[in-house]
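Contents: one structure, followed by commentary.
Chain naming here is simple, since letters A, B, ... match the order of the sequence lines and numbering starts at 1 in each.
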Protein chains: 2
Amino acid sequence: MIKDLFNCEHGQRMTGDDRRKQILQTAVHLFSTHGFSGTTTRKIAEAAGVSEAMVFKHFSTKEDLYGAILHEKACEEGSHRFPWDSNEPLKEAIKNKDDFGVFYHIALHAMNKQQADVGFMRLMFFSALEDHDLAERFFTEFVSKVYDFIGGYVAERQKDGVMREINPRVVVRAFIGMILHHSLNNILWDKKQTLLKITNEEAAKNFAEIILHGVSINDPAN
Amino acid sequence: MIKDLFNCEHGQRMTGDDRRKQILQTAVHLFSTHGFSGTTTRKIAEAAGVSEAMVFKHFSTKEDLYGAILHEKACEEGSHRFPWDSNEPLKEAIKNKDDFGVFYHIALHAMNKQQADVGFMRLMFFSALEDHDLAERFFTEFVSKVYDFIGGYVAERQKDGVMREINPRVVVRAFIGMILHHSLNNILWDKKQTLLKITNEEAAKNFAEIILHGVSINDPAN
DNA sequence: GGCTCCTAAGTGAGTACTTACTTACCGAAT
DNA sequence: ATTCGGTAAGTAAGTACTCACTTAGGAGCC
């Protein structure tokens, strides 16, 4: 495999596997920019530089192609695993019960990832709105685990007596809300950052501080 | 005009105005559930109980019909004005510089409104993803004003010496993030509330507390 | 009340084009 | 010579949109 990812000038002959991957990749881009019903098999074929028949040789229906994307994206997502498995500074912070570090690195990791794969985010939203099941699967297989993990951390720190009494899942909702909202602005609503122009690092720092002070035991009686 | 809103059994004759409104209403529902390209003029006509020709008598193109919806929704939104103009408890809280009251009532107002008009929210997201301009207009005409207002309030309270030094717009981003994330879960991803089942009142209370403690001057030096 | 007229609500059956998907066939490489 | 990547040219059903035409029902008259 000396050929680096699809060395094609369009129209070149490829192995079935390569072509399949290339069609898939092309389809991801189109589905993520125009949604399922806004994307035609013709456009996918054109963009991939093959005839429509080739698309249907590899994927028996349009729905099937969409399903393959969801599967691939889900696996890819699965292989990256959870941030607390792969992100070293985060693992370190967790071990040391460095609360700021934990929240900071979770936020930074999430925002960087979300904004690096805009296609995935758009696919997720389209899928949720159009009621395909990527969103649902991503939700049960990833998001709920995130709630468990962060919620668990908060509960632990409550037992340690450094965080005040509050439903840990509300804390997670608030925290993920900040992160997601920031990413959504940057990739969807306010790409030019007219409302707020800060780096993900700054955002992560501020969000971590807000949530930390927000749930700290130190109650500023007023 | 004794007839209350479209007193029709389907197939009855209506005035042009009533029929126009009815088609529009039907179209809002369909566009908000299936998006622009996922909704056909045929389905709209069927759902409204008229022939397709009637749809095109009232709206010269499908794009035109979509535009009319955006316009209507924008105006409707405009007439409700901003929460700080119409929500009495909020106005009261602002006057008294009751910080908790301010954040609590903004959050509650927003979440109730968002979850009451799911169609509008879905339309907004479809519009943003499909790159129509409702989202953009809503953004510049509403969201940016919200940033100005809440950001302004925070800045004022910083001058008063009760909130710590932090970019007020970051506070707004964090706070709106919590609110929006909660609504999105309730209307899109987690309708059954398996992750977190709390009332909007509880959520508003918790979010307000988190943001308040989060930006309070009272620094719990860890 | 009944009668006519006329506007405007409403339609059936189209048009030109696009959609997802199929079939019959080609030619390069193993 | 057979396999397999690839295509041209289909099909049937759908798409947005049009047009020639039909009818309901109110205004005005008797």
Quiz item: Any donor-acceptor pair under 3.5 Å between the side chain of R13(B) and the base of dT23(D)?
Solution: yes
Exercise. Decide, yes or no, whether a salt bridge links R169(A) with D148(A) under the criterion of side-chain N to carboxylate O below 4.0 Å.
Key: yes
Exercise. Pick base, sugar-phosphate or nothing for T40(A), based on heavy-atom distances below 4.0 Å to the nucleic acid.
Key: sugar-phosphate
Self-check item: For atom NZ of K57(B) and atom P of dA20(D), their distance in whole Å
Solution: 13 Å
Self-check item: Aromatic plane relationship, F149(A) with W84(A) - under 30° parallel, 30 to 60° tilted, over 60° perpendicular
Solution: parallel
Quiz item: Considering only side-chain heavy atoms of E52(B), which listed nucleotide, dC17(D), dT15(D), dG10(C), is closest?
Solution: dC17(D)
Practice problem: Take the protein atom CZ of F56(A) and the nucleotide atom C1' of dT19(C), then report the distance between them rounded to whole Å. | Solution: 9 Å
Self-check item: Atom-pair distance (CE on M14(B); C1' on dT23(D)), nearest Å
Solution: 17 Å
Quiz item: How is T39(A) classified with respect to the nucleic acid when contacts are heavy atoms under 4.0 Å: base, sugar-phosphate, or nothing?
Solution: sugar-phosphate
Quiz prompt | 5'-most by nearest nucleotide on DNA chain C - F36(A) or S51(B) | solution = S51(B)
Practice problem: Please tell me which of T61(B) and A53(A) maps to the more 5' nucleotide of DNA chain D, matching each residue to the nucleotide holding its nearest heavy atom. | Solution: A53(A)
Quiz item: Rounded to whole angstrom units, what separation is found between the CD atom of E46(B) and the P atom of dA16(D)?
Solution: 12 Å
Quiz item: Could you state the CE-C1' distance from M54(B) to dT22(D), rounded to the nearest angstrom?
Solution: 14 Å
Quiz item: Can you check side-chain hydrogen bond (donor to acceptor under 3.5 Å, both in side chains) on E63(A) and H132(A), steps first, answer last?
Solution: CA-CA 10 Å; E63(A) 200 71 51; H132(A) 283 98; 3.1 Å; yes
Practice problem: Using whole Å, report how far CG of D17(A) lies from C1' of dG5(D). | Solution: 13 Å
Exercise. Please determine if K62(A) forms a cation-pi arrangement with F36(A), meaning its NZ or CZ atom is less than 6.0 Å from the six-membered ring centre and no more than 45° off the ring axis.
Key: yes
Practice problem: Check the distance between dT7(D)'s P and H58(A)'s NE2 and give it to me in whole angstrom. | Solution: 10 Å
Quiz prompt | Any R19(A) side-chain nitrogen or oxygen under 4.0 Å from OP1 or OP2 of dG6(D) | solution = yes
Quiz item: So what does V50(A) hit on the nucleic acid, given a heavy-atom distance under 4.0 Å: a base, only sugar-phosphate, or nothing?
Solution: sugar-phosphate
Quiz item: Is it true that E88(B) and K91(B) make a salt bridge, defined as a side-chain N closer than 4.0 Å to a carboxylate O?
Solution: yes
Quiz item: What is the distance, rounded to the nearest whole Å, between atom OH of Y66(B) and atom P of dA16(D)?
Solution: 14 Å
